[in-house]
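Working notes, beginning with the structure itself.
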Amino acid sequence: MKETNKLLLIDGNSVAFRAFFALHQSLERFINHDGLHTNAIYGFKKMLDNILATVQPTHVLVAFDAGKQTFRTEKFAAYKQGRAKTPSELSEQFPFLKKMLSAYGIISYELTNYEADDIIGTLAAQAELQDFQVTIVTGDRDLTQLATTKTTVAVNQKGVSEIEKYTPAHVQEKYGLAPAQIVDLKGLIGDNSDNYPGVTKIGEKTGLRLLHQFGSIEGIYQNLDQLKPSKMKENLINEESTAFLCKDLAQIRRDAPIEIKMDQLKWDGPDLKSLREFYLAMDFRSFLRQMAVDGQFQDQQVTADQEQVTYQVLEQTKLASLPVVPAQVTFYLEMSGENYHNAEFAGFAIKVDDKFYVTRQTELLKQAPLKNWLENQETSVNLFDAKRTIIGLRRLGIHLQRVAFDLLLVSYLLDTSDNSNDLGKLAQQHDYYLVASDEEVYGKGTKYAIPSKDSRLFEHLCHKVRAIAELQQPLLAKLEANQQLELYLKIERPLTFVLAEMEIAGIKVDPQKLKMISSKLIEQLSDLEKAIYNEAGEEFNINSPKQLGVILFEKLKLPVIKKTKTGYSTAVGVLEKLRGMAPIVDHILKYRQLAKLQSTYIDGLLKVISAKDQKIHTRYTQTLTATGRLSSVDPNLQNIPIRLAEGRQIRQAFVPSHAGWKIFSSDYSQIELRVLAHISHDQNMQAAFKAGADIHASTARQIFGLADDAKVTANLRRQAKAVNFGIVYGISDYGLSQNVGISRQQAKKFIERYFEVFPGVHQYMQEIVKKAHAQGYVETLFKRRRYLPEIKSKNYNLRSFAERTAMNTPIQGSAADIIKVAMIRMQQALQANHLQAKMLLQVHDELIFEAPADEIPRLEELVPGIMDSAVDLEVPLKVESAYGDTWFEAK
DNA sequence: TCCGTCACG
DNA sequence: ACGTACGTGACGGAC
């Protein structure tokens with residue numbers, strides 16, 4: 001018996017539109033490495049898989065509209081006029097959509113002068129004659145007119161997955177009409193979105209009533225005498241030609257001059273190789289993973305065997321049979337929770353030679369030969385997240401000395417903007433699919449739990465170890481190809497050890513001091529609260545921007561300066577403009593300032609002082625920022641207040657951990673501007689630094705045209721400083737004007753003048769943007785790389801942002817490189833000089849130590865000496881130091 | 001979980 | 001005509 005042929009016809013434009021708007025809120029998340037939007041392609045692909053699986057067609061075609069001009073516009077010029085232009089973010093996706101269809105082995109078809117509908121109508125008619133079953137997929141209900149016993153019309157609803165199926169019975173049920181009568185209905189009532197009118201005053205209700213009575217438009221006009229005289233009847237008579245024209249426009253053609261034969265639509269499934277290449281080009285990682293898991297890669301065939309990993313559960317009795325000093329091991333230590341300073345151990349897996357060992361008993365690590373593997377100098381250890389592992393092991397009394405390959409760190413260096421802390425997700429980004437993400441295995445949020453079933457945990461840990469081992473060679477090769485091996489080997493990898501020591505050391509914090517500050521704050525806050533309620537005439541939550549907005553702008557009728565997405569803005573900048581209009585404003589500003597201190601810096605810090613040693617152990621994230629800076633979390637010790645006197649007091653609570661010790665601090669002076677002077681080779685700016693001038697005052701003299709020895713007023717210096725900052729950030733006249741409080745015109749003049757005075761800087765800014773465009777990324781002094789795909793975006797905002805980033809990242813990132821080098825050398829110098837001093841904190845351009853009082857004179861020489869010689873620039877680096885009994889006094 | 005706000009370089 | 005300084009993390013409130 002012959003099997004039934006099944007034809008699937010898809011309205012490409014309509015489905016692409018649906019997919020685009022369904023994923024519109026995620027538009028900016030769907031951008032591939034070339035800056036192409038991919039949301040419609042993604043949605044289309046999901047829908048396509050869905051429909052292919054349910055319909056299981058033997059023949060497939062996707063029809064597209066050929067253009068605006070069609071036979072319908074010839075008959076009626078206004079047809080589909082007044083429609084919003086297709087957004088460029090969507091139209092750019094069509095060529096790639098067609099590429100994907102071709103990889104799927106599916107024909108895309110369009111026909112001059114006809115719409116996709118007509119192609120579908122014609123092919124459906126031909127297929128029915130050949131006894132095919134036909135399924136039509138579209139987002140447009142008009143196609144329901146094509147439903148027959150052999151043809152089903154599937155209309156996708158809002159999303160891409162919800163589909164409503166129309167058979168003749170369904171159309172009958174919904175409208176009380178046969179599918180063929182849909183065109184009569186449209187002829188009477190018209191179509192707003194296609195922009196044709198129908199008969200005046202006839203809507204869906206009247207239209208349906210007439211058709212139920214007379215069957216068709218022809219029927220209505222043959223039986224006009226049966227209608228009672230009415231306005232409607234007059235309209236029908238006056239607009240007879242319109243009614244017939246509109247019916248004709250609605251009528252999908254079933255005889256379009258299509259040259260394609262049914263045989264050509266035969267579908268044999270996708271070409272997996274092309275599909276894989278396409279997904280790679282689109283950055284569709286989840287689909288790639290799906291393909292791998294489904295065993296669809298020819299060169300990376302995943303069989304059930306390969307999914308599995310053979311491992312041995314490690315036990316006390318087995319330790320003796322392990323090798324003594326292997327050349328290489330790959331190791332993963334699992335802890336439950338992010339904070340490795342105190343997270344519970346969950347187990348470990350280790351690969352040696354080709355064998356995998358795994359256990360929950362982390363205590364085994366303390367014994368031979370495992371301890372020796374990790375501590376001896378001859379075995380290289382491959383890891384994921386070395387810092388986490390170093391600190392976890394240290395808690396077990398194990399001193400990890402040498403790391404060869406750190407998957408997390410290397411991956412970050414390869415692409416600083418596309419990083420994840422999850423081994424499974426990260427492996428996927430490198431086209432390795434045989435390890436799940438932690439979220440898949442452990443869950444997230446309140447559901448997070450290490451599996452109690454041994455095999456589940458053990459397999460996952462072994463998969464992780466296998467991924468590290470497998471990715472080692474290819475990723476190191478990529479680093480080398482990018483000329484980034486030195487950055488990894490000389491800077492980032494050694495830095496991991498330095499950071500680990502700083503985190504383990506921690507900084508002592510005096511809770512009594514914080515509580516003293518707190519009691520004063522609470523008193524002041526309570527007074528302010530009373531004053532604010534009094535001025536507002538009611539009590540409300542001052543911390544709620546929403547409630548505060550109502551009080552200020554509705555009840556007190558203060559002028560609205562700025563709005564946010566959700567309501568009135570009450571940010572500092574806004575409140576400062578309202579100052580003097582009502583006393584409540586000053587009180588709110590003060591309240592905000594103090595409430596921040598209390599919640600973030602008093603309560604927040606008290607919560608994280610360790611009961612064991614009265615210290616705070618932050619974690620530095622080495623693999624997060626796009627520029628190469630560190631960040632500090634849990635708590636953030638890089639944003640302890642300093643600018644305002646009230647907040648600065650918090651620093652009095654940061655104290656040395658031993659009696660008779662001091663806090664010592666050194667910071668780079670204007671490191672970013674010095675970096676800029678170096679990379680731009682601007683002679684004028686370099687001269688200022690070489691002369692040891694006050695750079696902001698010198699800038700002021702030059703851009704405001706003062707004499708070389710003229711005194712610079714505080715105000716001019718402040719403005720020049722703002723311009724200098726603006727330059728570093730990738731300046732815009734608007735941004736500068738907002739910051740300095742001058743007109744945009746004035747700001748523009750400042751910038752022009754600046755570029756005249758510092759032509760090297762101007763040239764650098766232009767060239768770095770060009771370079772970013774040409775190569776797709778920018779680099780720092782030590783070849784740290786940041787990709788900027790959006791620099792090619794057609795969206796002005798995205799593109800401008802990428803351009804400013806191109807200007808800023810080499811500056812900010814090179815400064816980060818420099819202090820990292822200094823930190824490594826510093827740690828070595830402390831050891832080499834047998835000093836007790838410890839490096840505790842890094843705050844971007846500043847290093848903070850604690851040391852016995854008698855070491856301070858040595859540090860005053862040593863630390864600045866190392867910091868200012870960390871790199872050799874075309875301008876000198878300047879370092880300033882200070883010390884005292886608390887961090888507050890080390891200023 | 002997102003948003004607005006604000007602390008730092 | 002557009003909306004804008006660069007890089008972070010933590011908090012409270014609202015959904």
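In what follows, every heavy atom counts, from backbone to side chain, and hydrogens, waters and symmetry copies are set aside. A note on names: the letters A, B, ... follow the listed sequences, proteins ahead of strands, and every chain is numbered from 1.
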**Request:** Using a 4.0 Å heavy-atom cut-off across all strands, classify A/D603 as base, sugar-phosphate, or nothing.
**Result:** nothing
**Prompt:** Which nucleotide in the set B/dT1, C/dG9, B/dG4 lies at the smallest distance from any side-chain heavy atom of A/K444?
**Reply:** B/dT1
**Item:** Nearest-nucleotide pick for A/Q593, side chain only, options being B/dA7, C/dA10, C/dG3
**Value:** B/dA7
**Prompt:** To the side chain of A/L736, which of B/dG4, C/dA5, C/dG7 is closest?
**Reply:** C/dA5
**Request:** Could you work out which one of B/dC3, B/dC6, B/dG9 sits closest to the side chain of A/A571?
**Result:** B/dC6
**Asked** Is the backbone N or O of A/I522 less than 3.5 Å from a side-chain atom of A/S526, with the two atoms forming a donor-acceptor pair by type?
**Response** no
**Complete:** Looking only at B/dG9, C/dG12, C/dT4, the nucleotide nearest the A/V843 side chain is B/dG9
**Message:** Distance check, P atoms only: B/dC8 and C/dG3, in whole angstrom units.
**Reply:** 31 Å
**Item:** Short side-chain N/O contact to C/dC6 OP1/OP2 from A/R804, under 4.0 Å
**Value:** yes
**Request:** Please work out if A/N636 contacts a base, only the sugar-phosphate, or nothing of the nucleic acid, heavy-atom cut-off 4.0 Å.
**Result:** sugar-phosphate
**NZ or CZ of A/K891 within 45° of A/F888 ring axis and under 6.0 Å** = yes
**Request:** Would you mind reading off the distance between A/R619 atom CZ and C/dG9 atom P, rounded to a whole angstrom?
**Result:** 11 Å
**Message:** Keeping A/N808 on the side-chain end and A/V728 on the backbone end, is there a donor-acceptor pair under 3.5 Å?
**Reply:** yes
**Item:** Check ion pair A/E646-A/K596 (N to O, under 4.0 angstrom)
**Value:** no
**Message:** Would you measure the distance from the C1' atom in C/dC2 across to the matching atom in B/dT5 and give it in whole Å?
**Reply:** 26 Å
**Request:** Quick one: label A/G730 by what it contacts on the DNA or RNA (base, sugar-phosphate, nothing), any heavy atom closer than 4.0 Å.
**Result:** nothing
**Prompt:** At under 4.0 Å between heavy atoms, what does A/A722 touch on the DNA or RNA strands: base, sugar-phosphate, or nothing?
**Reply:** base
**Prompt:** Expressed in whole Å, how much space separates the C1' atoms belonging to C/dA1 and B/dC6?
**Reply:** 32 Å
**Prompt:** C/dT4, B/dT5, C/dA5: which one has an atom nearest the side-chain heavy atoms of A/R592?
**Reply:** B/dT5
**Asked** Do A/Y568 and A/E554 have a side chain donor and acceptor closer than 3.5 Å?
**Response** yes
**Prompt:** Is A/N739 touching bases, backbone alone, or none of the nucleic acid, heavy atoms closer than 4.0 Å?
**Reply:** base
**Item:** Side chain of A/T566 (C-beta onward), nearest among C/dG7, B/dC3, C/dA5
**Value:** B/dC3
**Prompt:** How many Å lie between CD on A/E790 and P on C/dT4, as a whole number?
**Reply:** 15 Å
**Prompt:** Do the side-chain N or O atoms of A/S569 get closer than 4.0 angstrom to the phosphate oxygens (OP1, OP2) of B/dT5?
**Reply:** yes
**Short side-chain N/O contact from A/R643 to OP1 or OP2 of B/dA7, under 4.0 Å** = no
**Asked** Is a side-chain donor-acceptor pair under 3.5 Å present for A/N419 with A/T623?
**Response** no
**Value in whole Å for how far the P atom of C/dT8 lies from NE2 of A/H844** = 10 Å
**Asked** Atom NZ of A/K562 and atom C1' of B/dC3: how far apart are they, to the nearest Å?
**Response** 13 Å
**Item:** Contact nearer the 5' end of DNA chain C, comparing A/S544 with A/L624
**Value:** A/L624
**Asked** In whole angstrom, what separates A/Y591's OH from C/dG13's P?
**Response** 8 Å
**Request:** Please determine, for the side chain of A/Y796, which listed nucleotide (C/dG12, C/dC2, C/dG9) has the closest atom?
**Result:** C/dC2
**Message:** Taking any heavy-atom pair under 4.0 Å as a contact, classify A/I640: base, sugar-phosphate, or nothing.
**Reply:** sugar-phosphate
**Request:** Hunt down the Watson-Crick or G-U wobble partner of C/dA1, both distances under 3.5 Å, from any strand shown, or write none.
**Result:** none
**Message:** Side-chain N or O of A/N541 versus OP1/OP2 of C/dG13: is the shortest distance under 4.0 Å?
**Reply:** yes
**Asked** Heavy atoms under 4.0 Å, any strand shown: does A/R648 hit a base, just sugar-phosphate, or nothing?
**Response** nothing
**Asked** Do the side-chain N and O atoms of A/E889 and A/Q652 include a donor-acceptor pair separated by under 3.5 angstrom?
**Response** no
**Message:** Checking contacts here: which listed nucleotide (C/dT8, B/dA7, B/dC3) is nearest the side-chain heavy atoms of A/K596?
**Reply:** B/dA7
**Item:** Point-to-point distance, once rounded to the nearest 0.5 Å, from CE of A/M765 to CD1 of A/I751
**Value:** 11.0 Å
**Presence of A/S732 side-chain N/O under 4.0 Å of C/dA5 phosphate oxygens OP1/OP2** = no
**Prompt:** A/A595 near the nucleic acid: base, sugar-phosphate alone, or nothing, with a heavy-atom cut-off under 4.0 Å?
**Reply:** nothing
**Prompt:** Which listed nucleotide (C/dC6, B/dG4, C/dT8) is nearest to the side chain of A/T805?
**Reply:** C/dC6
**Request:** Check whether any side-chain nitrogen or oxygen of A/T570 sits under 4.0 Å from OP1 or OP2 of B/dT5, and answer yes or no.
**Result:** yes
**Asked** Looking for any heavy atom pair under 4.0 Å, which part of the strands does A/Q547 touch: base, sugar-phosphate only, or nothing?
**Response** sugar-phosphate
**Message:** Tell me the interatomic distance from A/Y601, atom OH, to B/dC6, atom P, rounded to whole angstroms.
**Reply:** 12 Å
**Request:** Please work out if A/T809 contacts a base, only the sugar-phosphate, or nothing of the nucleic acid, heavy-atom cut-off 4.0 Å.
**Result:** nothing
**Request:** Starting at atom CG of A/N808, determine the distance to atom P of C/dT8, rounded to an integer number of angstrom.
**Result:** 10 Å
**Prompt:** Rounded to whole angstrom units, what separation is found between the CZ atom of A/R629 and the P atom of C/dG9?
**Reply:** 11 Å
**Message:** OP1 or OP2 of C/dG7 versus the side-chain N and O atoms of A/Q638: is any pair under 4.0 Å?
**Reply:** no
**Message:** Under 4.0 Å from OP1 or OP2 of B/dC3: is there any side-chain N or O of A/K546 that close?
**Reply:** no
**Asked** Any donor-acceptor pair under 3.5 Å linking the side chain of A/T618 with the backbone of A/P635?
**Response** yes
